[in-house]
Amino acid sequence: MVKSVVVKIGGSLIFTEKGDVNVDRISQYAQVLSTLKDDGMNLCVVVGGGKAARDFIKVLHKFNVPEAQSDMMGIRVSRINALLLIAALGKAAYPCPPREIPELAKALTTDKIIVMGGIQPGQSTNAVAAVVAEYTRSDMLINATSVDGVYTDDPKEDPNAKKIDELDYDDFQELVIKKGSRAGEYALFDLVALKIVSRSSILTKIINGSDPNNILRAAKGEKIGTTIHRR
Ligand code: UTP
């Protein structure tokens, strides 16, 4: 089993379809992450902004604020989401989400599970997860989303879209470039995330996080979701 992992949890996964906080799911994530930690895994977790971030950003777009200001809203919401997971993890977690790399460096001197949200405008929390994986020289980046992996097209819009089991960084980039890059609108990975996983050949797995046990399966090296790596 790998020794250090960064887990990105999509913000949409910690809310129900109605928009309530999914307390059961957050508890399950806390349990899975604690199990990995007890097995000796070094863990950093990045939580996304989800629907709340998108809703707030939509309002800011109506007020025609600069994109960077909208991004700051998304960053703050993702940090609040991170605080929910920190609460569920209790003493196992570092008590506050690092807001920049020097704060992460300080948190890494403890033996706690580090949970964070966004860090700077112009990117998504996937980019944060990639930077954290690079900075900590983690063995794997697990990206927990609401779909089973990377598809040839958006599976929510195209029923004929097919899941891809393995991709190299260049093929992945081609898929990512088709997507948008405004605040609150990152569909898959943003270009910053892509550049970082590619330049440091970070083994990346995109999995369905609706079942929190999939995080355990991915960390144990089971074939699950889509694996992005250097061929
Ligand atoms: P994300 O788009 O990363 O959230 O962050 P998410 O929950 O993972 O997205 P889904 O639900 O899985 O699709 C929300 C917003 O916060 C800003 C961006 O505007 C982003 O769209 N953000 C986040 C930043 O500007 N910088 C960061 O470092 C992180």
Side-chain angles (χ1 to χ4, degrees), residues 6-17 19-22 25-26 29 44-85 97-104 114-135 141-151 154-157 175-176 178-197 204-210 212 214-215 225-226:
V6 174
V7 181
K8 154 76 205 300
I9 298 176
S12 53
L13 289 168
I14 60 168
F15 291 91
T16 63
E17 289 203 349
D20 299 325
V21 175
N22 194 332
R25 170 97 46 78
I26 294 173
Y29 284 133
C44 291
V45 186
V46 180
V47 184
K51 185 173 179 300
R54 278 194 296 277
D55 286 351
F56 283 126
I57 287 170
K58 240 185 246 164
V59 175
L60 295 196
H61 280 158
K62 283 200 178 122
F63 291 135
N64 209 18
V65 304
E67 282 289 291
Q69 193 176 334
S70 298
D71 280 341
M72 285 310 301
M73 179 68 91
I75 289 169
R76 293 216 162 96
V77 173
S78 63
R79 287 182 188 149
I80 289 171
N81 292 344
L83 285 170
L84 292 172
L85 184 57
R99 293 165 300 181
E100 52 172 7
I101 296 301
E103 288 187 3
L104 170 69
I114 299 165
V115 188
M116 54 198 290
I119 53 177
Q120 67 166 24
Q123 59 177 38
S124 74
T125 47
N126 287 327
V128 179
V131 170
V132 173
E134 185 177 65
Y135 189 82
L141 166 55
I142 298 174
N143 198 297
T145 68
S146 53
V147 289
D148 288 335
V150 178
Y151 280 72
D154 187 344
K156 284 172 190 150
E157 280 165 21
L175 280 170
V176 169
K178 286 195 214 158
K179 316 285 176 184
S181 58
R182 284 186 87 201
E185 291 175 8
Y186 299 109
L188 193 61
F189 247 45
D190 61 293
L191 291 174
V192 182
L194 183 77
K195 179 185 160 193
I196 291 164
V197 294
T204 304
K205 288 198 181 191
I206 299 186
I207 61 160
N208 192 333
S210 315
N214 283 342
I215 294 172
T226 299

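Order of listing sets the numbers, starting from 1, for every ligand and every atom in it. Predicted model only: the values in this text are computed from it and were never measured.
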Q. Where the side chain of T145 meets the backbone of I207, is there a donor-acceptor pair that is under 3.5 Å apart?
A. yes
Q. Any donor and acceptor pair, going by atom type alone, linking the side chain of R25 with main-chain N or O of S210 inside 3.5 Å?
A. yes
Which of the numbered atoms in ligand 1 are below 4.0 angstrom from a heavy atom of [X]?
| X | result |
| --- | --- |
| I57 | 19 (O) |
| G122 | 25 (O) |
| G118 | 27 (C), 28 (O), 29 (C) |
| G10 | 7 (O), 12 (O) |

Q) Can you name the salt bridge (Lys or Arg N to Asp or Glu O under 4.0 Å) partners of R76, sequence neighbours left out? A) none
Q: Measure across A130 and I196 and return the closest heavy-atom pair with its distance rounded to 0.1 Å.
A: O-CG2, 3.5 Å
**Q.** F189 versus A193, closest heavy-atom pair with distance
**A.** CD2-CB, 3.6 Å
(Q) For N143, give me all partners under side chain to side chain donor-acceptor pair (under 3.5 Å), at least two apart in sequence or on another chain. (A) N126
Does any N/O atom on [X] come nearer than 3.5 Å to any N/O atom on ligand 1?
| X | answer |
| --- | --- |
| S78 | no |
| V128 | no |
| N126 | no |
| K8 | yes |
| G50 | yes |
| P121 | no |

Q | Of I75, V192, L104, I119, the residue whose pairing with V128 passes side chain to side chain contact (heavy atoms under 4.5 Å, CB included) | A | I119
Q.
My understanding is that we take every heavy atom of each candidate and find the minimum distance to atom 9 (O) of ligand 1. Doing that for M72, R54, M73, which one comes out nearest?
A. R54
(Q) Within the structure provided, determine whether R99 and M116 are in side-chain contact (heavy-atom separation under 4.5 Å). (A) no
